[in-house]
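Data first, discussion second: the structure below is written as structure tokens.
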Amino acid sequence: MLTDDGKHLYVSWDEYHLLIERLALKVHESGWQFDQILCLARGGMRPGDVLSRIFDKPLAIMSTSSYRAEAGTIQGRLDMAKYITMPKGELAGRVLLVDDLADSGVTLHAVVDRLRGLPSIAELRSAVIWTKAASSYTPDYYVDMLATSPWIHQPFEDYDQLRPEALARKLAGP
């Protein structure tokens with residue numbers, strides 16, 4: 001649900017899963033055939049996992065991070081893992097790059113530039129759930145274009161502040 005001022009988008013688990021399914025259909029309906037999925041951790045892990053299962057393709061993971069300050073709300077320096085984790089072989093052929101959103105576009109630009117420099121990758125396309133209007137990068141596939149570039153409150157963010165002690169109290173009940 002987008003707030004009236006357009007500054008915040010609140011997404012439930014049901015909405016989140018439906019958006020991932022819609023993204024899968026957009027990729028499928030394009031007719032593009034790919035060999036592997038590379039998801040960006042952390043935000044692209046859930047969409048990447050679901051797409052990997054739906055398309056029955058191997059899933060590789062690349063860790064990136066730029067949101068750390070102020071409980072993950074302020075973008076800082078982009079850190080990109082030197083290595084890509086894969087179940088076997090190397091990242092090669094036609095690769096679908098998956099993340100949750102194109103926010104500023106900095107991360108996706110940097111990752112795409114790095115991947116396009118790999119001779120083993122024949123073709124690279126990108127897929128995200130949300131693209132913000134302010135993004136400098138427009139993915140090949142996305143579900144929603146967000147004109148107001150809101151802060152997206154994803155359902156799993158409840159875990160960002162939950163620590164084991166609080167979880168134990170929560171699960172112990174009254």
Problem - Donor-acceptor pair, side chain of Ser52 and main chain of Lys57, under 3.5 angstrom - result: yes
Handout entry: Nearest atoms (heavy-atom pairs only) where Leu101 meets Gln154
Key = CD2-NE2, 4.1 Å
Handout entry: Side-chain H-bond candidate by donor/acceptor type, Ser12 with Asp14, under 3.5 Å
Key = no
Exercise for the section: Give the C-alpha distance, both sets of side-chain angles, the deciding distance and a yes or no for side-chain contact (heavy atoms from CB on, under 4.5 Å) between Glu123 and Phe34. Expected result: CA-CA 8 Å; Glu123 187 176 0; Phe34 55 94; over 6 Å; no
Problem - Thr148 side chain near Leu2 side chain, heavy-atom distance below 4.5 Å - result: yes
Problem - CG on Leu18 to CD on Glu15, rounded to 0.5 Å - result: 8.5 Å
Fill in the blank from the handout: Minimal heavy-atom distance between Ile152 and Lys132, with the atoms involved, is CD1-CE, 4.2 Å
Handout entry: Min side-chain heavy-atom separation Met1-Leu9 under 4.5 Å
Key = no
Handout entry: Cluster check Leu146, Trp151: I/L/V/M/F/W/Y, side chain < 4.5 angstrom
Key = no
Practice task
State plainly whether one hydrophobic cluster holds both Leu162 and Val11, where clusters connect Ile, Leu, Val, Met, Phe, Trp and Tyr through side-chain heavy atoms under 4.5 angstrom apart.
Solution key: yes
Practice task
For the residue pair Arg114 and Met62, establish whether any side-chain heavy-atom pair is separated by less than 4.5 Å.
Solution key: yes
Exercise for the section: Give a yes or no answer on whether the side chain of Asp99 reaches the backbone of Gly44 with a donor-acceptor pair at less than 3.5 Å. Expected result: yes
Exercise for the section: Output yes when a side-chain donor or acceptor of Arg94 lies under 3.5 Å from a complementary backbone atom of Gln33, and no otherwise. Expected result: yes
Handout entry: Distance in Å, Ile61 CD1 paired with Thr85 OG1, rounded so as to fall on 0.5 Å steps
Key = 6.0 Å
Completion exercise
What one should report as the nearest heavy-atom pair of Ala92 and Gln36 is N-OE1, 2.8 Å
Handout entry: Note, Asp35 side chain near Val95 side chain (heavy atom, < 4.5 Å)
Key = no
Practice task
Could you go through the side-chain contact (heavy atoms from CB on, under 4.5 Å) check for Leu115 and Ile84 one step at a time?
Solution key: CA-CA 11 Å; Leu115 295 175; Ile84 295 170; 4.1 Å; yes
Practice task
For the residue pair His17 and Trp13, categorise the inter-ring angle as parallel (less than 30°), tilted (30 to 60°) or perpendicular (more than 60°).
Solution key: parallel
Completion exercise
Scanning both residues in full, the closest heavy-atom pair of Ala41 with Met45 reads CB-SD, 3.5 Å
Problem - Atom pair CG (Leu38) and OG (Ser126), whose distance is rounded to the nearest 0.5 Å - result: 11.0 Å
Problem - Check: Ile129 and Asp144 side chains under 4.5 Å, non-hydrogen atoms - result: no
Problem - Side-chain heavy-atom pair Ile37, Pro58 within 4.5 angstrom cut-off - result: no
Fill in the blank from the handout: Nearest heavy-atom contact between Gly48 and Leu59 is O-CD1, 3.7 Å
Practice task
Report the distance from atom OG of Ser149 to atom CG of Asp103, rounding to the nearest 0.5 Å.
Solution key: 7.5 Å
Exercise for the section: Taking the side chain as every heavy atom from C-beta outward, state whether Val128 and Val98 have any pair of such atoms under 4.5 Å apart. Expected result: no
Exercise for the section: Verify side-chain contact (heavy atoms from CB on, under 4.5 Å) between Leu40 and Val111, making sure each step is shown before the conclusion. Expected result: CA-CA 9 Å; Leu40 298 183; Val111 171; 4.0 Å; yes
Problem - hydrophobic_cluster_shared for Val143 and Phe55, side chain cutoff 4.5 Å - result: yes
Side-chain donor-acceptor pairs of residues 22-29 under 3.5 Å, sequence neighbours excluded:
none

Practice task
Can you establish whether the number of heavy atoms outside Asp4 located under 6.0 Å from its atom CG is more than 12?
Solution key: no
Problem - Interatomic spacing from CG in Leu51 to SG in Cys39 - rounded to 0.5 Å - result: 10.0 Å
Problem - Spacing of Arg42 atom CZ and Phe156 atom CZ [to the nearest 0.5 Å] - result: 8.5 Å
Practice task
Anything under 30° is parallel, anything over 60° is perpendicular, the rest tilted; go ahead and classify Tyr10 against His153.
Solution key: parallel
Handout entry: Within residues 129-150 or reaching into it, pairs that qualify as ring pair (Phe, Tyr, Trp, His ring centres under 6.0 Å) - sequence neighbours excluded
Key = His109-Tyr137
Handout entry: Hydrophobic cluster identity match, Ile54 and Leu19, side-chain contacts under 4.5 Å
Key = yes
